[in-house]
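What's counted below: heavy atoms across the whole structure, side chains too, no hydrogens, waters or symmetry copies.
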Amino acid sequence: MKSLKLISSAIAMLICFVSMAQERTITGIVTDETSMPVPGATIINQNSKANYITSFDGKYSIQAKKGDMLIFSFIGYKTQRQRVENLNTINIQLFSDTQTLSEVVVVGYGSNDSEYESRSYARAEKRKEKKDISQALKGKVAGVQVQSNVGYMASPSPSIAICGAVSVSPKNEPMYIVDGVAIKADQMAKINPNDIDNVSVLKDVAATSVYGSKASNGVVVISTKNELYKNLSEKELDKKLNQITPIRPVEPTQEDYDAFTENAFESPKTAPLSTFSIDVDNASYTNIRRFLNSGQKVPKDAVRVEEMVNFFKYNYPQPKNEHPFSINTEVSDSPWNSQNKILKIGLQGKNIPIEDLPSSNLVFLIDVSGSMSEMNKLPLLKQSMKILVNELRPNDKVAIVVYAGAAGMVLPPTSGNEKKTIIKALDKLEAGGSTAGGAGIELAYKIATENFIKSGNNRVILATDGDFNVGSSSNSDMETLIEEKRKTGVFLTCLGYGMGNYKDSKMEILADKGNGNYAYIDNIQEANRFLGKEFKDSMFAIAKDVKIQIEFNPKQVQAYRLIGYENRKLRPEDFKNDAIDAGELGSNHTVTALYEIIPAGVKSDYLNVQPDDLKYTQTETSSNNYSGELATIKFRYKKPDGDKSIEMVQVINNKSVSLDRASDDFKFSTAVAWFGLKLRDSKLISDKSSEAIAELAQQGMSFDKGGYKTEFIRLIETSEQYN
């Protein structure tokens with residue numbers, strides 16, 4: 001009998017052991033019906049009672065075994081259940097619960113919770129704490145998100161989003177009604193909180209049944225104590241609100257941008273080759289977005305058209321051969337000069353799974369000088385770096401170097417699985433002192449080279465407002481220094497922050513000369529995009545020194561011009577010179593370049609007429625005029641750890657389609673370029689209609705997972721007020 005009990009006990013222990021052995025980590029992302037991440041959602045293992053709250057980007061990790069039931073819930077959304085089977089990744093989409101909290105009333109400075117309903121108005125009047133109307137909604141309504149402007153440089157007013165609403169707006173901006181009058185978001189932000197009587201929030205059917213389809217994103221209904229704004233026209237309302245809270249935008253009085261001249265048309269007879277380095281930077285676009293969202297005029301030299309175009313993702317096919325990127329070309333009509341053509345060249349980098357990417361040796365080089373003290377600089381920078389830290393693997397390592405009056409290492413190389421240690425080091429950083437950037441660069445590269453990983457991803461990540469000095473003549477000394485450091489094989493990523501004294505020119509030099517890329521972080525969402533969602537694109541090079549050289553057929557092309565890339569142009573002889581630096585291409589990255597072409601035989605006001613009776617520039621007529629070819633394009637690139645270039649050649653056929661039959665990628669990329677040329681006040685475009693630009697962008701609106709293309713159309717409309 002005793003032996004039977006021992007056997008039973010052993011069996012029970014074995015079952016327990018097997019059960020524990022079968023338990024594994026389940027990870028995934030929780031999103032809403034618009035595919036945006038849901039932070040703060042709860043995941044519960046119904047069997048083990050283990051639970052987890054999703055992070056800011058909707059990610060979770062929980063222990064479970066096969067057969068366990070996971071419950072996903074978030075207030076204002078329908079609860080989802082998912083049984084664990086064989087997969088270790090479970091992504092869940094939550095849908096808004098239209099029966100839950102479709103209407104909530106927020107009163108003055110408080111809310112009418114049922115326990116105190118009879119006394120809610122009296123209590124609200126007695127409270128001393130002042131809040132603006134947007135903050136009065138915060139935390140009171142399920143699915144309502146309020147984002148403050150502080151530190152995020154998104155807009156002059158806080159952003160309110162009623163989650164669960166179906167919207168083409170990337171911000172889910174609701175409709176605003178004050179005293180029965182529809183108003184704009186910036187007007188709503190100016191209302192004096194002391195004038196507010198109550199606020200109602202309507203969602204879904206409750207909103208659209210009263211206010212129609214314009215209320216599909218929800219409605220914020222505001223009533224003032226004495227109906228101060230009732231029956232006012234828009235102009236009268238603006239005048240009254242501006243008397244209360246006039247707009248005082250921060251002016252970019254000390255910002256610095258390199259001036260450059262727009263590329264002109266050239267003849268293939270006198271300039272047969274066009275050569276340039278690829279550019280994967282997109283800092284110019286986010287900087288422009290910052291200006292427009294702040295209600296300011298965009299400085300002409302802040303606009304680099306190629307960086308605007310390359311901010312967006314395009315649907316190019318993956319490479320199918322041994323090369324790390326595919327080449328895709330398309331020819332159609334120019335939307336701004338009807339007689340001209342546009343040639344689009346698109347590169348698609350190979351998408352390498354994160355587990356197959358090499359180990360990373362990263363050095364964070366962080367500016368902690370006095371100029372970084374503002375909320376949209378060091379505080380935003382630290383939050384941004386935490387996003388990047390979240391992407392690190394155990395085989396990755398990070399060191400942190402800071403500089404102000406002097407440079408120092410605050411964190412030695414630390415494994416990616418010690419995230420708490422890295423984040424703790426970031427949290428301790430404070431701003432103060434001068435800006436000796438040169439010492440910081442020297443130390444960061446020293447640490448990176450001492451910990452160099454052969455065939456790995458070795459990279460310095462510089463985060464600053466660019467307001468620093470290197471040597472006695474700053475820019476020239478900095479260029480010499482960074483070119484020297486490039487020889488170490490360490491790549492460079494530049495992250496720009498802040499406004500008012502932002503030095504874009506220095507950041508661009510560093511990225512151009514240091515085997516680098518460059519992004520401007522205007523808010524935490526941009527940090528999440530560049531350092532989180534597009535981590536592979538930004539941080540893992542699959543090809544370096546990528547150069548493009550194109551030869552146009554003079555029988556078909558009277559003149560051509562490269563749109564943008566003014567700071568990336570190379571001499572024809574630089575194409576085969578492996579000592580000449582060029583841009584890098586990241587895993588799954590896309591690069592797009594556009595040429596405008598004046599076809600042979602077309603009369604153009606933009607073309608400098610060349611004399612045809614010159615003695616020494618005449619060439620013999622070839623028996624083969626290559627009538628079927630528009631151009632021949634060549635590419636050269638090196639492997640990330642290589643020193644010798646590999647060449648690719650492709651012929652572009654002389655075949656064009658009408659603009660209405662062009663791809664969505666063609667329409668959208670040309671619309672972005674068109675908008676950039678308009679902001680630069682280009683003399684080489686005849687049509688500068690914002691309505692036409694927005695219409696073309698709308699036609700190319702496919703592949704808009706993050707809502708960035710929709711946001712671009714809103715920026716076009718916003719620009720009319722300030723530019």
Side-chain angles (χ1 to χ4, degrees), residues 277-281 318-319 321-327 347-365 388 391-399 413 415-416 441-442 444-462 481-494 510-518 534-548 568 570 574-591 634-648:
S277 159
I278 68 162
D279 189 1
V280 294
D281 299 342
Q318 283 288 310
N321 51 32
E322 73 279 10
H323 297 295
F325 54 86
S326 67
I327 303 168
L347 307 184
Q348 172 64 62
K350 186 176 182 180
N351 187 12
I352 302 175
I354 188 73
E355 59 270 16
D356 294 337
L357 288 167
S359 299
S360 291
N361 163 36
L362 305 178
V363 179
F364 295 173
L365 175 54
L388 193 155
E391 299 293 331
L392 298 178
R393 304 159 299 174
N395 57 316
D396 300 326
K397 55 186 177 182
V398 170
S415 170
I441 292 172
E442 291 278 10
Y445 273 91
K446 180 177 183 292
I447 294 171
T449 52
E450 287 176 350
N451 295 274
F452 195 87
I453 300 174
K454 188 176 181 180
S455 300
N457 177 36
N458 301 280
R459 186 176 296 269
V460 169
I461 300 173
L462 168 63
L481 173 63
I482 209 67
E483 285 180 337
E484 185 64 28
K485 296 304 178 185
R486 184 178 71 214
K487 298 174 184 177
T488 63
V490 176
F491 288 86
L492 176 69
T493 292
C494 298
L510 286 169
D512 285 357
K513 303 298 181 182
N515 258 357
N517 54 11
Y518 166 32
E534 298 183 8
F535 174 68
K536 291 193 305 179
D537 307 28
S538 311
M539 299 295 162
F540 290 90
I542 60 173
K544 69 178 182 180
D545 292 341
V546 184
K547 305 171 187 174
I548 299 177
R568 295 282 186 161
L570 300 172
D574 292 339
F575 182 67
K576 292 190 176 184
N577 185 350
D578 283 349
I580 300 297
D581 177 59
E584 66 174 79
L585 184 68
S587 172
N588 203 38
H589 220 136
T590 61
V591 177
K634 297 179 181 179
F635 301 84
R636 287 177 74 87
Y637 70 90
K638 299 173 188 170
K639 293 180 179 180
D641 57 352
D643 296 320
K644 189 175 182 180
S645 290
I646 300 166
E647 187 168 309
M648 305 165 64

Salt bridge (charged side-chain N to carboxylate O under 4.0 Å, His left out) between Asp512 and Arg568, intermediate numbers included: CA-CA 8 Å; Asp512 285 357; Arg568 295 282 186 161; 2.8 Å; yes
- request: Run the numbers on Val280 and Ile278 for side chain to side chain contact (heavy atoms under 4.5 Å, CB included), then give the verdict.
  value: CA-CA 7 Å; Val280 294; Ile278 68 162; 4.3 Å; yes
- request: Take Glu584 and Lys544, measure what salt bridge (charged side-chain N to carboxylate O under 4.0 Å, His left out) needs, and give me the verdict at the end.
  value: CA-CA 4 Å; Glu584 66 174 79; Lys544 69 178 182 180; over 6 Å; no
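In this structure, Phe491 and Pro640 approach most closely via the heavy-atom pair CZ-O, 3.9 Å. Nearest approach of Leu481 to Glu442, heavy atoms of both residues: CD1-OE2, 3.3 Å. Nearest approach of Ile352 to Lys536, heavy atoms of both residues: O-NZ, 3.0 Å. Considering all non-hydrogen atoms of both residues, Lys350 and Ile542 come closest at N-CD1, 3.4 Å. Scanning both residues, Lys576 and Arg636, for their nearest heavy atoms gives CA-NE, 3.7 Å. Asn577 and Lys547 get closest at one heavy-atom pair: O-NZ, 2.7 Å.
In terms of the ring pair (Phe, Tyr, Trp, His ring centres under 6.0 Å) criterion, Tyr445 has no residue partners (sequence neighbours excluded). Looking at residues two or more places apart in sequence or on another chain, you find a ring pair (Phe, Tyr, Trp, His ring centres under 6.0 Å) between Phe540 and Phe535.
The distance from the NE2 atom of His589 to the CD atom of Gln348 is 9.5 Å, given to the nearest 0.5 Å. Atom CD1 of Ile327 sits about 4.0 Å away from atom CZ of Phe635, to the nearest 0.5 Å. Note that CG of Asp581 and OG of Ser277 are 7.0 Å apart. Values are rounded to the nearest 0.5 Å.
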Under 3.5 Å, which donor-acceptor pairs do the side chains of residues 355-365 form with other protein atoms, sequence neighbours left out?
{"unit_1": "Ser359", "atom_1": "OG", "unit_2": "Asn395", "atom_2": "ND2", "d": "2.8"}
{"unit_1": "Ser360", "atom_1": "OG", "unit_2": "Asn457", "atom_2": "ND2", "d": "3.0"}
{"unit_1": "Asn361", "atom_1": "ND2", "unit_2": "Ala448", "atom_2": "O", "d": "2.9"}
{"unit_1": "Asn361", "atom_1": "ND2", "unit_2": "Asn451", "atom_2": "O", "d": "3.1"}
{"unit_1": "Asn361", "atom_1": "ND2", "unit_2": "Asn458", "atom_2": "OD1", "d": "3.0"}

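Thr493 pairs with exactly one of Leu510, Ile461, Val460 by the side-chain contact (heavy atoms from CB on, under 4.5 Å) rule, that one being Ile461.
Judged purely by atom type and a 3.5 angstrom limit, Asn515 has no side-chain atom pairing as donor or acceptor with the backbone of Arg486. Using a distance-only test at 3.5 Å, with no hydrogens or angles considered, no donor-acceptor pair links the side chain of Lys485 to the main chain of Val490. At least one donor-acceptor pair closer than 3.5 Å links the side chain of Asp545 to the backbone N or O of Ala582. The backbone N or O of Asp578 sits nowhere less than 3.5 Å from a side-chain atom of Ser645 that would complete a donor-acceptor pair. Side-chain N or O atoms of Asn517 include one that pairs as donor or acceptor with a backbone N or O of Ser538 at under 3.5 Å. Counting only distance, with no hydrogens or angles, the side chain of Gln318 and the backbone of Asn351 share a donor-acceptor pair below 3.5 Å.
Looking at Ile646 and Lys639, their side chains come closer than 4.5 Å, going by heavy atoms from C-beta outward. Side-chain contact between Arg393 and Ile354 is present, with at least one heavy-atom pair separated by less than 4.5 Å.
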